[in-house]
Amino acid sequence: MAIITLTTDFGEKDHFAGATKGAIYSELPHVKIVDISHSVSPFNIPEAAYIIQNAYRSFPKGTIHIIGIDSEINPDNKHIALQLDDHFFICANNGIMSMICSEIAPEKIVEINIHDKIQTSFPVLDVFVKVACHIARGGTLEVIGKPINDIKPIRNVVPYINDDKTQIIGSVIYVDNYGNVITNIKRSFFESVQKGRDFEISARNHKFKKVFNKYSDIVNFDIPEDKRHDEGRGLVVFNSGNFLEIAVYKSNSNTVGSASTLMGLKLMDTVSVNFIKNTVDVYPERPLKTELKEDL
Amino acid sequence: MAIITLTTDFGEKDHFAGATKGAIYSELPHVKIVDISHSVSPFNIPEAAYIIQNAYRSFPKGTIHIIGIDSEINPDNKHIALQLDDHFFICANNGIMSMICSEIAPEKIVEINIHDKIQTSFPVLDVFVKVACHIARGGTLEVIGKPINDIKPIRNVVPYINDDKTQIIGSVIYVDNYGNVITNIKRSFFESVQKGRDFEISARNHKFKKVFNKYSDIVNFDIPEDKRHDEGRGLVVFNSGNFLEIAVYKSNSNTVGSASTLMGLKLMDTVSVNFIKNTVDVYPERPLKTELKEDL
Amino acid sequence: MAIITLTTDFGEKDHFAGATKGAIYSELPHVKIVDISHSVSPFNIPEAAYIIQNAYRSFPKGTIHIIGIDSEINPDNKHIALQLDDHFFICANNGIMSMICSEIAPEKIVEINIHDKIQTSFPVLDVFVKVACHIARGGTLEVIGKPINDIKPIRNVVPYINDDKTQIIGSVIYVDNYGNVITNIKRSFFESVQKGRDFEISARNHKFKKVFNKYSDIVNFDIPEDKRHDEGRGLVVFNSGNFLEIAVYKSNSNTVGSASTLMGLKLMDTVSVNFIKNTVDVYPERPLKTELKEDL
């Protein structure tokens, strides 16, 4: 039984997501449909790219992912289907897949060419569902499209690094439900540049010298619970997707505040990492932990 | 395997939708439940009517639609079940179904009369689920209700047209996730009045002389992409449900703006179409396209 | 076929809920997954406790409930699994279960101890899913944890009652999608203290002398519909979960207003009930209905 996932900017209120599911069940009564998100900001391609990249891997091989963001077909915006990491993705060729593809090469890409048979002002319903059901029935991509080699890129997928490798300049690519601020700096990239050096992370006027592995690593559990004041403190972690994230402990934008509200960080803002040549290479065993002097 | 859909104003946070699904699975472990929307504005019947009308058609024949808006039973608000277009609908008799029924006559309507057995302050859970499961098991409507002939209407379902058929006066019935503004003027009605004439659509102080078939028809793709300034431009389309919609290209209320935010259009606002007697009937082949002079 | 439900503060936008579902289907392709809520306010344990308590009972016996709120493991926050009322619950030991446990004693509680095998910064995905799938396959709690006797309590689960039993002092534990304000005063507790006496309920400067069984009991249906002015009137009901709730008839925070917006009531605010010794015990047959003098 195939799984079809949906990632769209349809929102939670309108009929679009419901209608799409109805169309899928009309073709394939036994498929499983899973909502990944319908709350991507309208036409926000980097957000959709971040969400699908972090969600798809948990699904079984063979899962079919429909991504409905800015999917109206026109001369600049063709429809594509990809096979990548043994998953299938159906979307517009507008950059959504470039974040995943920068890490894993697609096994196959086709430009969908079944539009001569379909007049549509609702391409997710009329085109993407058709393609998804075709794949779910075991059909090949070549039947619904012509092979192409490249997809359209988006900017800011990869952080900038200076020539003498003392600085990474990244940017904020996502702000999550907790107001935590996620950068495009991945753990593997960070560590490959760091090579054991101390560092300072700067986001606006906030500085951090340590990256934690989980949020509560900021807490000193030797202090009794009622004497601690950790809620609302800023910290940096590698999050569960291995992205460098500027966070606030027990963050809530409406109560204690969040990295987004307290530090004023927003999409596309710059986050930089400056590496410091260690005078004595004395901490080779602690690549990420230096003296504890977090900001806030 | 039957499908039961849910359209409610329960919101995304409360336990109501989850509890309803639990009650359905308790009766019918193998049914499919599909959320259409739980974000209808509280007690907003026209919104619910628009959503269910546009969603239901994508589902297979025989699908059972629970609509939980203003469903507390009282002397003025009875519960009904309808068979229409080979689908089943269960809701309060408060006008929700009058938009669909204005286009397609119901095959059967019953007023649900199983309440003597059910004490409830949660009618969707206690009554509508019972009725839905009864239908899903193949039961007839007559067993759970007594046949009636009419349902309660809502206002503003059908636009007004003047006597000499030179003007349609419609109203805004829905504002979607993109801030696009949807009127009660359907394509078939518009075209039956238009009869090839030129026209001017007015919404507040904005005027439009053309209706597009899709959003990106406003773009001139001969201009290089970096020289175009189409995002945020206003336009009129017949949307995927064939309603006349005042839209903004790549609309996002939080960034480029939307028809709702930029033009100040909201629910129940008037949108009028004035038809112009063509001096020479020169464009019979282009019923919807006149000279390009869209507003904004 | 087992059912696994999800109640989290992941929000509607992020990939967390989708990824969790993918991980479940990767282990158990035939399980049913039901979203109860992903819109619990971040780290808000009383909200989650209220939602799961009111939702779980509708599900079939044997259902497995994952509750992902403040679930990062640390010395003060262990993971637990409970069997209670023939349902299974998996969560952090942070008080979420104490509201349900104050009414129904758990059949079994274990502290989950499979973390030696799992490095995680996403415990719902990595730990709770593993435990849920273990239970869904028929595994016992003892295999994934060590039995414990107590769980961590939360405050404000039970209202205060004075020594001579003339006053209940409760507090607001939840504000629902309609802006209705729910207290921790349950019907059975209220009636056991009331013993037929008249009473006055106070919330800020608003007073109520009656508790209704449903919202539209406030309406006098003998008055013609167009002469009634009930929308926006305040009232008190025992809601579908049998909690004392301060409500507004046909409430909508954005239009007619809600108990929350009109009366300024919010989480943790005090709601008190003062019982009045009846001079003549003349209404023994009407335990909840006294003279009609509701506020607003």
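In what follows, chains carry the letters A, B, and so on, assigned in the order in which the sequence lines appear, proteins first and then strands, with residues in each chain numbered from 1.
Here CD1 of B:Ile185 is found 9.5 Å from CD1 of B:Ile173. Values are rounded to the nearest 0.5 Å. Rounding to the nearest 0.5 Å gives a distance of 6.5 Å between CD1 of B:Ile51 and NZ of A:Lys13.
Chain B forms more heavy-atom pairs under 4.5 Å with one residue of A:Gly11, A:Pro42, A:Ser121, A:Ser41 than with any other, namely A:Pro42. With respect to chain B, the highest number of heavy-atom pairs below 4.5 Å among A:Asn77, A:Ile73, A:Asp35 belongs to A:Ile73.
For B:Phe189, there are no ring pair (Phe, Tyr, Trp, His ring centres under 6.0 Å) partners two or more places apart in sequence or in a different chain. For B:Phe59, the ring pair (Phe, Tyr, Trp, His ring centres under 6.0 Å) partners are B:His65, not counting sequence neighbours.
With a 4.5 angstrom heavy-atom cutoff, A:Phe10 touches chain B via backbone and side-chain atoms both. With a 4.5 angstrom heavy-atom cutoff, A:Tyr25 touches chain B via backbone and side-chain atoms both. For B:Ile3, the part lying under 4.5 angstrom from a heavy atom of chain A is the side chain only. With a threshold of 4.5 angstrom between heavy atoms, B:Glu47 approaches chain A through side-chain atoms but not through N, CA, C or O. The part of B:Asn239 that comes within reach of chain A is its backbone (N, CA, C, O), which places non-hydrogen atoms under 4.5 angstrom from that chain.
Checking A:Glu245 against A:Tyr215 by side-chain atom types alone, a donor-acceptor pair falls below 3.5 Å. Counted by atom type alone, B:Tyr178 and A:Asp9 present one or more donor-acceptor pairs between their side chains at under 3.5 Å. Counting only N and O atoms by type, the side chains of A:Asp14 and B:Tyr174 include a donor and acceptor under 3.5 Å apart. For the residue pair A:Ser253 and A:Ser258, a side-chain donor N or O sits within less than 3.5 Å of a side-chain acceptor on the partner.
Residues of residues 143-152 of chain A having a heavy atom under 4.5 Å from any heavy atom of chain B, listed by number: A:Lys152.
Within the structure, salt bridge (Lys or Arg N to Asp or Glu O under 4.0 Å) pairs that include any residue of residues 56-70 of chain B comprise B:Lys61-B:Asp85, B:Asp70-C:Lys250 (at least two apart or interchain).
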